[in-house]
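Inspection log for the structure reproduced underneath, given as C-alpha coordinates.
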Amino acid sequence: MKLLQRMKGAWRTLMHNEALRNRLYIIIFQSDTRLGKLFDVVLLWTIVASILLVIVESMPGLPPLAKTIFTVLEYVFTFFFSLEYLCRLYCSPRRRDYVFSFFGIVDLLSTLPLYVGWIFGPMRYLMIVRTFRLIRVFRVFKLFSFLEEGDKLMRSLQLSSRKIFVFFLFVVIMVISLGTLMYMVEGQQPGTQFTDIPSSIYWAVVTMTTVGYGDIAPVTPVGRFLSAIVMLLGYTIMAVPTGIVSAQFIHDHNLESMKKKKKCKECGSPLDDKAHFCPYCGVKVEPQE
(Lines give C-alpha, C1' and ligand atoms only; values in the text may rest on other atoms or scores of the structure.)
Protein backbone atom coordinates (compact mmCIF):
# COMPACT_ATOMS: atom_id res chain seq x y z
CA MET A 1 0.00 0.00 0.00
CA LYS A 2 2.81 2.40 0.90
CA LEU A 3 4.63 1.50 -2.32
CA LEU A 4 1.52 2.35 -4.32
CA GLN A 5 1.17 5.70 -2.55
CA ARG A 6 4.83 6.48 -3.22
CA MET A 7 4.40 5.65 -6.88
CA LYS A 8 1.35 7.94 -7.08
CA GLY A 9 3.28 10.72 -5.37
CA ALA A 10 6.23 10.33 -7.74
CA TRP A 11 3.84 10.39 -10.69
CA ARG A 12 2.20 13.62 -9.51
CA THR A 13 5.61 15.19 -8.95
CA LEU A 14 6.73 14.17 -12.43
CA MET A 15 3.58 15.47 -14.11
CA HIS A 16 3.85 18.85 -12.38
CA ASN A 17 7.58 19.32 -12.83
CA GLU A 18 7.47 22.41 -15.05
CA ALA A 19 11.25 22.83 -15.12
CA LEU A 20 11.72 19.31 -16.53
CA ARG A 21 8.91 19.79 -19.06
CA ASN A 22 10.37 23.07 -20.28
CA ARG A 23 13.82 21.52 -20.56
CA LEU A 24 12.51 18.56 -22.56
CA TYR A 25 10.43 20.88 -24.76
CA ILE A 26 13.52 22.88 -25.74
CA ILE A 27 15.48 19.70 -26.54
CA ILE A 28 12.71 17.80 -28.38
CA PHE A 29 10.73 20.50 -30.18
CA GLN A 30 13.45 23.05 -30.90
CA SER A 31 16.74 22.70 -32.75
CA ASP A 32 18.34 26.03 -31.89
CA THR A 33 20.26 24.66 -28.93
CA ARG A 34 23.17 22.23 -29.03
CA LEU A 35 21.25 19.44 -27.31
CA GLY A 36 18.16 20.12 -29.43
CA LYS A 37 20.05 19.79 -32.69
CA LEU A 38 21.91 16.72 -31.42
CA PHE A 39 18.59 15.10 -30.49
CA ASP A 40 17.12 15.82 -33.94
CA VAL A 41 20.19 14.51 -35.78
CA VAL A 42 20.21 11.31 -33.70
CA LEU A 43 16.48 10.94 -34.33
CA LEU A 44 16.90 11.33 -38.09
CA TRP A 45 19.69 8.76 -38.26
CA THR A 46 17.61 6.38 -36.14
CA ILE A 47 14.69 6.79 -38.53
CA VAL A 48 16.96 6.06 -41.52
CA ALA A 49 18.36 2.97 -39.80
CA SER A 50 14.88 1.65 -38.93
CA ILE A 51 13.66 2.17 -42.52
CA LEU A 52 16.68 0.33 -43.97
CA LEU A 53 16.08 -2.44 -41.45
CA VAL A 54 12.50 -2.94 -42.62
CA ILE A 55 13.60 -2.98 -46.28
CA VAL A 56 16.46 -5.45 -45.76
CA GLU A 57 14.37 -7.70 -43.51
CA SER A 58 11.82 -8.24 -46.30
CA MET A 59 14.49 -9.79 -48.54
CA PRO A 60 14.36 -13.61 -48.84
CA GLY A 61 17.28 -15.87 -47.98
CA LEU A 62 18.44 -14.10 -44.82
CA PRO A 63 20.20 -16.37 -42.30
CA PRO A 64 18.36 -17.11 -39.01
CA LEU A 65 20.92 -15.18 -36.97
CA ALA A 66 20.37 -12.04 -39.07
CA LYS A 67 16.59 -12.34 -38.67
CA THR A 68 17.01 -12.62 -34.90
CA ILE A 69 19.25 -9.53 -34.81
CA PHE A 70 16.80 -7.59 -36.99
CA THR A 71 13.90 -8.56 -34.73
CA VAL A 72 15.76 -7.36 -31.64
CA LEU A 73 16.67 -4.10 -33.38
CA GLU A 74 13.04 -3.59 -34.38
CA TYR A 75 11.99 -3.80 -30.75
CA VAL A 76 14.79 -1.40 -29.74
CA PHE A 77 13.79 1.14 -32.41
CA THR A 78 10.09 0.85 -31.58
CA PHE A 79 10.82 1.30 -27.87
CA PHE A 80 12.87 4.41 -28.68
CA PHE A 81 10.14 5.90 -30.89
CA SER A 82 7.43 5.05 -28.33
CA LEU A 83 9.42 6.71 -25.55
CA GLU A 84 10.03 9.73 -27.78
CA TYR A 85 6.31 10.03 -28.56
CA LEU A 86 5.42 9.86 -24.84
CA CYS A 87 8.06 12.51 -24.08
CA ARG A 88 6.56 14.76 -26.76
CA LEU A 89 3.14 14.33 -25.16
CA TYR A 90 4.59 15.00 -21.72
CA CYS A 91 6.37 18.24 -22.54
CA SER A 92 4.03 19.64 -25.20
CA PRO A 93 2.20 22.76 -23.92
CA ARG A 94 -0.71 22.05 -26.31
CA ARG A 95 -1.02 18.27 -26.37
CA ARG A 96 -4.24 18.19 -28.37
CA ASP A 97 -2.76 20.34 -31.14
CA TYR A 98 0.30 18.11 -31.31
CA VAL A 99 -1.67 14.84 -31.31
CA PHE A 100 -3.83 15.90 -34.26
CA SER A 101 -1.06 17.67 -36.19
CA PHE A 102 0.64 16.08 -39.19
CA PHE A 103 3.81 15.27 -37.27
CA GLY A 104 1.83 14.04 -34.27
CA ILE A 105 -0.13 11.55 -36.38
CA VAL A 106 3.01 10.37 -38.19
CA ASP A 107 4.86 10.00 -34.87
CA LEU A 108 2.04 7.84 -33.53
CA LEU A 109 1.76 5.72 -36.68
CA SER A 110 5.50 5.07 -36.62
CA THR A 111 5.14 3.30 -33.27
CA LEU A 112 1.95 1.28 -33.86
CA PRO A 113 2.83 -1.18 -36.69
CA LEU A 114 5.02 -3.45 -34.56
CA TYR A 115 2.35 -3.67 -31.86
CA VAL A 116 -0.39 -4.29 -34.44
CA GLY A 117 1.91 -6.81 -36.14
CA TRP A 118 1.59 -9.08 -33.11
CA ILE A 119 -1.98 -9.71 -34.31
CA PHE A 120 -1.73 -9.00 -38.04
CA GLY A 121 1.77 -10.02 -39.15
CA PRO A 122 2.15 -8.11 -42.45
CA MET A 123 1.01 -4.86 -40.77
CA ARG A 124 4.43 -4.53 -39.17
CA TYR A 125 5.89 -3.47 -42.52
CA LEU A 126 3.83 -0.29 -42.26
CA MET A 127 6.75 0.95 -40.15
CA ILE A 128 7.93 2.34 -43.48
CA VAL A 129 5.62 5.28 -42.61
CA ARG A 130 8.58 6.51 -40.58
CA THR A 131 9.90 7.83 -43.87
CA PHE A 132 7.56 10.82 -43.44
CA ARG A 133 9.38 11.71 -40.24
CA LEU A 134 12.44 12.59 -42.32
CA ILE A 135 10.58 15.80 -43.27
CA ARG A 136 11.98 17.13 -40.00
CA VAL A 137 15.31 17.46 -41.77
CA PHE A 138 13.99 20.75 -43.23
CA ARG A 139 13.51 22.14 -39.74
CA VAL A 140 16.78 20.81 -38.35
CA PHE A 141 18.96 22.21 -41.12
CA LYS A 142 16.94 25.45 -41.57
CA LEU A 143 15.64 24.60 -45.03
CA PHE A 144 12.38 26.45 -44.50
CA SER A 145 12.27 27.77 -48.07
CA PHE A 146 11.64 24.22 -49.27
CA LEU A 147 8.75 23.91 -46.84
CA GLU A 148 7.29 27.20 -48.09
CA GLU A 149 7.40 25.93 -51.67
CA GLY A 150 5.77 22.71 -50.53
CA ASP A 151 3.01 24.68 -48.80
CA LYS A 152 2.39 26.64 -52.01
CA LEU A 153 2.12 23.42 -54.00
CA MET A 154 -0.28 21.89 -51.46
CA ARG A 155 -2.41 25.04 -51.56
CA SER A 156 -2.51 24.85 -55.36
CA LEU A 157 -3.63 21.22 -55.14
CA GLN A 158 -6.37 22.12 -52.67
CA LEU A 159 -7.66 24.99 -54.78
CA SER A 160 -7.58 22.79 -57.89
CA SER A 161 -9.27 19.82 -56.21
CA ARG A 162 -12.75 20.63 -57.56
CA LYS A 163 -11.53 20.95 -61.13
CA ILE A 164 -9.53 17.74 -60.80
CA PHE A 165 -12.56 15.95 -59.35
CA VAL A 166 -14.74 17.03 -62.28
CA PHE A 167 -12.03 15.95 -64.70
CA PHE A 168 -11.66 12.60 -62.91
CA LEU A 169 -15.42 12.06 -63.12
CA PHE A 170 -15.24 12.77 -66.84
CA VAL A 171 -12.43 10.21 -67.23
CA VAL A 172 -14.44 7.59 -65.30
CA ILE A 173 -17.41 8.12 -67.62
CA MET A 174 -15.10 7.90 -70.63
CA VAL A 175 -13.44 4.61 -69.62
CA ILE A 176 -16.82 3.06 -68.83
CA SER A 177 -18.15 4.12 -72.23
CA LEU A 178 -15.04 3.00 -74.13
CA GLY A 179 -14.89 -0.29 -72.24
CA THR A 180 -18.52 -1.02 -73.05
CA LEU A 181 -17.97 -0.09 -76.69
CA MET A 182 -14.96 -2.40 -76.91
CA TYR A 183 -17.01 -5.21 -75.37
CA MET A 184 -19.63 -4.69 -78.08
CA VAL A 185 -16.91 -4.89 -80.76
CA GLU A 186 -14.77 -7.73 -79.36
CA GLY A 187 -17.10 -9.58 -77.00
CA GLN A 188 -18.68 -11.78 -79.69
CA GLN A 189 -15.40 -13.03 -81.13
CA PRO A 190 -14.44 -16.70 -80.47
CA GLY A 191 -11.87 -17.01 -77.67
CA THR A 192 -12.11 -13.31 -76.91
CA GLN A 193 -10.42 -11.84 -73.85
CA PHE A 194 -13.17 -9.25 -73.53
CA THR A 195 -15.46 -11.68 -71.69
CA ASP A 196 -17.48 -9.04 -69.83
CA ILE A 197 -17.89 -5.30 -69.40
CA PRO A 198 -15.77 -5.02 -66.19
CA SER A 199 -12.84 -6.71 -67.98
CA SER A 200 -13.32 -4.32 -70.90
CA ILE A 201 -13.34 -1.32 -68.55
CA TYR A 202 -10.12 -2.62 -66.97
CA TRP A 203 -8.61 -2.77 -70.49
CA ALA A 204 -9.73 0.82 -71.14
CA VAL A 205 -8.09 2.05 -67.91
CA VAL A 206 -4.81 0.24 -68.61
CA THR A 207 -4.74 1.45 -72.21
CA MET A 208 -5.73 5.05 -71.50
CA THR A 209 -3.04 5.39 -68.81
CA THR A 210 -0.52 4.05 -71.38
CA VAL A 211 0.50 1.27 -68.98
CA GLY A 212 -0.29 -1.49 -71.48
CA TYR A 213 0.08 -4.77 -69.58
CA GLY A 214 -0.86 -6.71 -72.72
CA ASP A 215 -2.97 -9.26 -70.84
CA ILE A 216 -6.05 -8.16 -72.85
CA ALA A 217 -5.74 -7.11 -76.49
CA PRO A 218 -8.21 -6.65 -79.37
CA VAL A 219 -7.98 -8.85 -82.46
CA THR A 220 -10.45 -7.28 -84.90
CA PRO A 221 -9.54 -4.30 -87.12
CA VAL A 222 -12.29 -2.19 -85.56
CA GLY A 223 -11.09 -3.10 -82.06
CA ARG A 224 -7.49 -2.20 -82.90
CA PHE A 225 -8.60 1.11 -84.40
CA LEU A 226 -10.57 1.89 -81.24
CA SER A 227 -7.56 0.87 -79.17
CA ALA A 228 -5.36 3.35 -81.06
CA ILE A 229 -7.88 6.14 -80.38
CA VAL A 230 -7.87 5.29 -76.66
CA MET A 231 -4.06 5.41 -76.58
CA LEU A 232 -4.00 8.83 -78.22
CA LEU A 233 -6.65 10.07 -75.80
CA GLY A 234 -4.52 8.82 -72.92
CA TYR A 235 -1.57 11.00 -73.92
CA THR A 236 -3.73 14.12 -73.92
CA ILE A 237 -5.78 13.31 -70.84
CA MET A 238 -2.85 12.53 -68.52
CA ALA A 239 -1.47 16.05 -68.96
CA VAL A 240 -4.68 17.83 -67.96
CA PRO A 241 -4.38 17.51 -64.12
CA THR A 242 -0.78 18.73 -64.30
CA GLY A 243 -1.92 21.75 -66.32
CA ILE A 244 -4.70 22.54 -63.85
CA VAL A 245 -2.35 22.50 -60.85
CA SER A 246 0.38 24.39 -62.74
CA ALA A 247 -2.06 27.12 -63.78
CA GLN A 248 -3.23 27.54 -60.18
CA PHE A 249 0.36 27.59 -58.93
CA ILE A 250 1.32 30.30 -61.44
CA HIS A 251 -1.82 32.29 -60.58
CA ASP A 252 -0.97 32.22 -56.86
CA HIS A 253 2.64 33.14 -57.59
CA ASN A 254 1.56 36.14 -59.68
CA LEU A 255 -0.83 37.30 -56.96
CA GLU A 256 1.92 37.06 -54.37
CA SER A 257 4.27 39.00 -56.62
CA MET A 258 1.63 41.70 -57.13
CA LYS A 259 1.20 42.05 -53.37
CA LYS A 260 4.93 42.51 -52.89
CA LYS A 261 5.17 45.22 -55.55
CA LYS A 262 4.96 48.83 -54.53
CA LYS A 263 1.76 50.65 -55.46
CA CYS A 264 0.93 54.11 -56.61
CA LYS A 265 -0.36 56.25 -53.74
CA GLU A 266 -2.71 58.08 -56.07
CA CYS A 267 -4.48 55.27 -57.99
CA GLY A 268 -3.23 52.14 -56.22
CA SER A 269 -1.88 50.52 -59.39
CA PRO A 270 1.10 48.14 -59.08
CA LEU A 271 4.40 49.70 -60.09
CA ASP A 272 7.69 48.39 -61.32
CA ASP A 273 10.55 48.61 -58.82
CA LYS A 274 12.48 50.99 -61.08
CA ALA A 275 9.48 53.16 -62.05
CA HIS A 276 9.75 56.92 -61.40
CA PHE A 277 6.25 57.77 -62.61
CA CYS A 278 2.98 55.83 -62.50
CA PRO A 279 2.17 54.55 -66.02
CA TYR A 280 -1.57 54.83 -65.28
CA CYS A 281 -2.05 58.25 -63.69
CA GLY A 282 1.35 59.90 -64.26
CA VAL A 283 1.98 60.74 -60.61
CA LYS A 284 5.61 60.85 -59.54
CA VAL A 285 6.63 57.80 -57.53
CA GLU A 286 8.30 58.56 -54.23
CA PRO A 287 11.45 56.48 -53.69
CA GLN A 288 11.15 53.83 -51.00
CA GLU A 289 13.27 54.26 -47.94
message: By the ring-ring contact (aromatic ring centres under 6.0 Å, His included) test, which pairs, at least two apart or in different chains, include something from residues 184-224?
response: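 Sorted pair list: F194-W203.
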Rounded distance [0.5 Å steps], [atom1] in [X] versus [atom2] in [Y]:
{"X": "Q193", "Y": "S200", "atom1": "CD", "atom2": "OG", "answer": "10.5 Å"}
{"X": "T210", "Y": "M231", "atom1": "OG1", "atom2": "CE", "answer": "9.5 Å"}
{"X": "L73", "Y": "E57", "atom1": "CG", "atom2": "CD", "answer": "9.5 Å"}
{"X": "M208", "Y": "I237", "atom1": "CE", "atom2": "CD1", "answer": "4.5 Å"}
{"X": "T111", "Y": "L86", "atom1": "OG1", "atom2": "CG", "answer": "8.0 Å"}
{"X": "Y235", "Y": "T209", "atom1": "OH", "atom2": "OG1", "answer": "10.5 Å"}

- prompt: So which heavy atom on G179 is nearest to which on A204, and how close?
  reply: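 Closest approach of G179 to A204, heavy atoms only: N-CB, 4.0 Å.
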- prompt: Which pair of non-hydrogen atoms, one from R95 and one from Y90, has the smallest distance, and what is that distance?
  reply: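 Shortest heavy-atom separation between R95 and Y90 comes out as NH2-O, 3.2 Å.
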Among the clusters formed by ILVMFWY side chains lying less than 4.5 Å apart, do [X] and [Y] turn up in the same one?
{"X": "W45", "Y": "L83", "result": "no"}
{"X": "L233", "Y": "F225", "result": "yes"}
{"X": "I216", "Y": "V219", "result": "no"}
{"X": "V205", "Y": "I164", "result": "yes"}
{"X": "V56", "Y": "I47", "result": "yes"}

query: Which residues satisfy the side chain to side chain contact (heavy atoms under 4.5 Å, CB included) test with T46, sequence neighbours excluded?
result: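 Result, side chain to side chain contact (heavy atoms under 4.5 Å, CB included) vs T46: V42, F77, F80, F81.
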Looking at [X] and [Y], would you say the former's side chain and the latter's main chain have a donor-acceptor pair under 3.5 Å?
{"X": "S92", "Y": "L89", "value": "no"}
{"X": "S101", "Y": "Y98", "value": "yes"}
{"X": "S227", "Y": "G223", "value": "no"}
{"X": "S199", "Y": "T195", "value": "no"}

- prompt: Side chains of L35 and R23: does their closest heavy-atom pair fall under 4.5 Å?
  reply: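 Yes, their side chains come closer than 4.5 Å.
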query: Would you say L226 and P218 make side-chain contact, with heavy atoms under 4.5 Å?
result: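 L226 vs P218: side chains apart.
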- prompt: Which residue pairs pass the side-chain hydrogen bond (donor to acceptor under 3.5 Å, both in side chains) test when at least one of the two sits in residues 177-192, sequence neighbours left out?
  reply: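 Output for this query lists E186-T220.
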task: Show your reasoning for whether side chain to side chain contact (heavy atoms under 4.5 Å, CB included) applies to R162 and F167.
output: CA-CA 9 Å; R162 293 185 179 181; F167 172 76; over 6 Å; no
query: Quick one: salt bridge (charged side-chain N to carboxylate O under 4.0 Å, His left out) partners of D215, sequence neighbours excluded?
result: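 Not a single residue meets the salt bridge (charged side-chain N to carboxylate O under 4.0 Å, His left out) criterion with D215.
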task: For S82, enumerate each residue passing the side chain to side chain donor-acceptor pair (under 3.5 Å) test, keeping only those at least two apart in sequence or located in another chain.
output: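 Listed in chain order: Y115.
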Using atom types as modelled, flag every donor-acceptor pair under 3.5 Å from a side chain in residues 168-175 to any protein atom, sequence neighbours excluded.
none

